[in-house]
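Since the structure comes first, as structure tokens, the remarks are kept for the end.
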Amino acid sequence: MVAILGYSEEQIREAVQDMYTSVAEAPDSPYHFPVGAGACHSLGYPEDQIAELPDSTLASFAGVGWPFRGQALQPGHTTLDLGAGAGNDSVIASRMVGRSGHVIALDLTAAMTRKLGQHAARHCQNISVVQASAEQIPLADRSVDSITSNGAINLVPSKRQAFREMFRVLKPGGKVQLADVVIRRPVNVDCDSDPRLWVECVVGATVEEDLLAMMGDTGFEDIQVLNRHDYFALSPSAQTREIARSFGAQSVEVSARRGEHPPGRLREWLRRSLPSRWLGQLHRRGFSGMAALGLALLSCYGVVAMTGLLTLAGIRLALSPQAWSLVIATFTLLAWLTIAAGFLHHRSALPALLATVGGATVCFALFVDYHVLTELAGFALLAVAAFVDLRHRRRLEARKLGLNGATRGTFQDGVR
């Protein structure tokens with residue numbers, strides 16, 4: 001995500017700390033996301049849990065769900081609250097684990113940890129407050145029984161590293177419960193014109209399938225999505241609500257169990273290399289047209305190259321011209337369909353028109369009157385169509401994010 005968006009992890013951390021310092025110190029200020037008691041009620045926190053929360057920390061509540069649906073915490077547990085914020089979930093967790101248990105409240109923002117620390121020192125003796133990053137948790141291996149987190153992972157630059165750290169500090173068989181923001185399709189445009197988009201909108205969120213897969217890659221088992229919230233419908237910003245809708249953003253509540261052994265980097269790499277994974281990612285990022293075109297080119301010229309190499313090695317390969325042409329045409333048709341489908345997103349007919357002419361030209365060469373230049377011209381038109389389609393998708397995404405000159409000022413000067 002960081003590489004795609006074009007700014008450093010340090011810039012992201014600074015943006016996160018600046019925003020949540022403001023939430024801690026000035027919770028009554030307007031924000032793009034819901035905060036305070038109203039958000040707590042809307043996200044499904046039971047009244048008895050809300051009643052236990054001190055007004056000072058409740059005012060700075062900035063969670064995205066009710067993670068306790070995961071039922072990961074038990075009396076006597078040592079529990080890590082990852083991204084604890086002002087500590088509302090830590091206070092609830094301290095009641096759940098009881099006097100024999102212990103809650104470690106970890107957050108990146110100094111103002112949040114100070115706020116929670118002041119309350120814990122007076123009222124919750126079983127809460128320890130730690131200022132640190134989710135990517136470098138300062139705890140020993142297998143030192144906690146359970147982990148809870150609420151709206152933290154989407155703010156972490158290296159989510160995979162955060163899950164590895166969670167797995168490391170959790171005891172085998174221990175459970176994790178979390179609430180976090182996910183999206184249906186990834187954000188691909190360059191957002192470095194305003195780094196605050198990471199903490200104010202959906203830029204830091206992960207596609208739901210990718211988030212759950214990351215947890216599985218790092219060794220978590222029994223991963224379940226327990227509940228969903230139309231979280232951004234609670235936003236006071238109309239533009240944020242519109243952006244969230246365009247990316248299918250919502251919050252989910254997830255539970256999982258730590259496996260007995262870490263999977264190892266080789267097993268993790270093999271899981272990440274599954275064709276279903278990377279094909280799905282290509283499709284969500286708008287590269288499905290290019291991928292289908294690549295398969296068509298491979299089935300055409302790749303077979304030619306392979307046949308030539310085998311002939312040089314003294315191996316003759318007999319191919320049916322009709323079957324070969326049919327395979328090439330099938331992948332060409334797939335490329336045309338995926339490019340033409342882009343019209344549903346950006347409403348531009350040009351990519352579909354170019355793809356239609358290009359696909360028809362390839363099929364003419366394959367089944368009517370073959371000439372290599374005709375075939376190459378058809379593939380060239382398909383390539384241009386795939387590129388134009390991708391460019392239109394990116395421009396549409398940029399407009400939705402308000403990054404063009406006409407709307408950029410809304411984020412800089414409008415609701416914070």
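Throughout, numbering of the chain's residues begins at 1 and tracks the sequence.
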Nearest-0.5 Å distance that lies between atom CG in Leu178 and atom OG in Ser255: 8.5 Å
Criterion side chain to side chain donor-acceptor pair (under 3.5 Å) on His102 and Ser128, from CA distance to verdict: CA-CA 8 Å; His102 186 70; Ser128 297; 2.7 Å; yes
Arg347 NZ/CZ over Phe343 ring centroid, <6.0 Å and within 45° of normal: yes
Derivation and outcome, side-chain contact (heavy atoms from CB on, under 4.5 Å), residues Lys171 and Val144: CA-CA 6 Å; Lys171 295 176 182 178; Val144 301; over 6 Å; no
Any donor-acceptor pair under 3.5 Å from Ser42 side chain to Ala39 backbone: no
Asp107 side chain to Thr113 side chain, donor-acceptor N/O pair below 3.5 angstrom: no
Donor on one side chain, acceptor on other, Gln177 and Thr148, under 3.5 Å: yes
Scan the side chains in residues 228-236 for donor-acceptor partners under 3.5 Å anywhere in the protein, sequence neighbours excluded, and list what turns up.
unit_1, atom_1, unit_2, atom_2, d
Arg228, NH1, Glu208, OE1, 2.6
Arg228, NH1, Glu208, OE2, 3.1
Arg228, NH2, Glu208, OE2, 3.0
His229, NE2, Leu43, O, 3.4
His229, NE2, Asn227, ND2, 3.4
His229, NE2, Glu253, OE2, 2.6
Ser235, OG, His32, O, 2.3
Ser235, OG, Ser237, N, 3.1

Derivation of the side-chain contact (heavy atoms from CB on, under 4.5 Å) call for Phe61 and Val35: CA-CA 5 Å; Phe61 173 83; Val35 298; over 6 Å; no
Beyond-backbone contact of Gln224 with Val254, side-chain heavy atoms, under 4.5 angstrom: no
Exercise: identify the closest heavy-atom pair between Ala86 and Thr57: O-CG2, 3.4 Å
Spacing of CG belonging to Leu170 relative to CG belonging to Leu139, to within rounding of 0.5 Å: 11.0 Å
Side chains of Leu73 and Ser146 in contact at under 4.5 Å (non-hydrogen atoms): yes
Counterpart residues, side-chain hydrogen bond (donor to acceptor under 3.5 Å, both in side chains), relative to Asp141 (two or more places apart): Arg168
Where Gly70 and Lys175 come nearest, the two heavy atoms and their spacing: O-NZ, 3.3 Å
Pairs where residues 104-134 contributes a residue and the test ring-ring contact (aromatic ring centres under 6.0 Å, His included) is met, not counting sequence neighbours: His119-His123
Side-chain H-bond candidate by donor/acceptor type, Ser60 with Lys115, under 3.5 Å: yes
Atom pair CG (Leu108) and CD (Glu14), whose distance is rounded to the nearest 0.5 Å: 10.5 Å
Short side-chain to backbone donor-acceptor contact, Asn126 and Ser100, under 3.5 Å: no
Arg160 bridged to Glu135 by N-O distance under 4.0 Å: no
Heavy atoms from other residues, nucleotides or ligands near CD of Glu52 exceed 12 (cutoff 6.0 Å): yes
Polar side-chain atom of Asn88 near backbone of Leu53 as donor-acceptor pair, under 3.5 Å: no
Closest contact, heavy atoms only, Gly216 versus Ile223: N-CD1, 3.5 Å
Check: Ser22 side chain, Asp18 main-chain N or O, donor-acceptor pair, under 3.5 Å: no
Residue pair Gln131 / Thr109: nearest heavy atoms and the distance that separates them: NE2-C, 4.3 Å
Enumerate donor-acceptor pairs with a distance under 3.5 Å from any side-chain N or O in residues 300-309 to protein atoms, sequence neighbours excluded.
unit_1, atom_1, unit_2, atom_2, d
Tyr301, OH, Glu375, OE1, 2.7
Thr307, OG1, Val303, O, 2.7

is_close_aromatic(Tyr20, Phe33), centroid dist under 6.0 Å: yes
Value rounded to 0.5 Å, distance of CE in Met215 from CG in Asp222: 11.0 Å
Student check: side-chain heavy atoms of Gln250 and Val182 closer than 4.5 Å: yes
Rounded distance [0.5 Å steps], CG in Leu297 versus CG in Leu382: 8.5 Å
Arg258 and Val176, any side-chain heavy atoms less than 4.5 Å apart: no
Under 3.5 Å: donor-acceptor pair, side chain of Gln136, backbone of Ala132: no
Test item: Trp324 side-chain N/O and Ser299 main-chain N/O as donor-acceptor pair under 3.5 Å: yes
Qualifying residue, where the test is side-chain contact (heavy atoms from CB on, under 4.5 Å) with Ile137 and the options are Leu82, Ile147, Val130: Leu82
CG-CG distance between Leu80 and Asp145, expressed to the nearest 0.5 angstrom: 11.5 Å
From CA spacing to verdict: side-chain contact (heavy atoms from CB on, under 4.5 Å), Met96, Gln49: CA-CA 10 Å; Met96 289 185 170; Gln49 288 186 351; 3.4 Å; yes
Pairs flagged by ring-ring contact (aromatic ring centres under 6.0 Å, His included) wherever residues 156-181 is involved - sequence neighbours left out: Phe167-Phe220
For the student: nearest non-hydrogen atoms of Gly173 and Glu260, plus distance: N-OE2, 4.3 Å
Heavy-atom check, side chain of Asp81 versus side chain of Ile104, under 4.5 Å: no
Option passing side-chain hydrogen bond (donor to acceptor under 3.5 Å, both in side chains) with Asp389 (candidates Arg393, Arg391, His392): Arg393
Any side-chain heavy-atom pair of Pro67 and Asp89 under 4.5 Å: yes
Under 3.5 Å donor-acceptor, Lys159 side chain and Thr206 backbone: no
Backbone N/O of Ser348 and side chain of His346: donor-acceptor pair under 3.5 Å: yes
Nearest heavy-atom neighbours spanning Leu366 and Ser325: CD1-O, 3.8 Å
Heavy-atom check, side chain of Val97 versus side chain of Gln74, under 4.5 Å: no
Below 3.5 Å, can you tabulate the donor-acceptor pairs from side chains in residues 326-337 to any protein atom, sequence neighbours excluded?
unit_1, atom_1, unit_2, atom_2, d
Thr330, OG1, Leu326, O, 2.8
Thr332, OG1, Ile328, O, 2.8
Trp336, NE1, Thr356, OG1, 2.8

Derivation of the side-chain contact (heavy atoms from CB on, under 4.5 Å) call for Met214 and Glu209: CA-CA 9 Å; Met214 260 188 258; Glu209 292 88 343; over 6 Å; no
Pro172 and Arg142, any side-chain heavy atoms less than 4.5 Å apart: yes
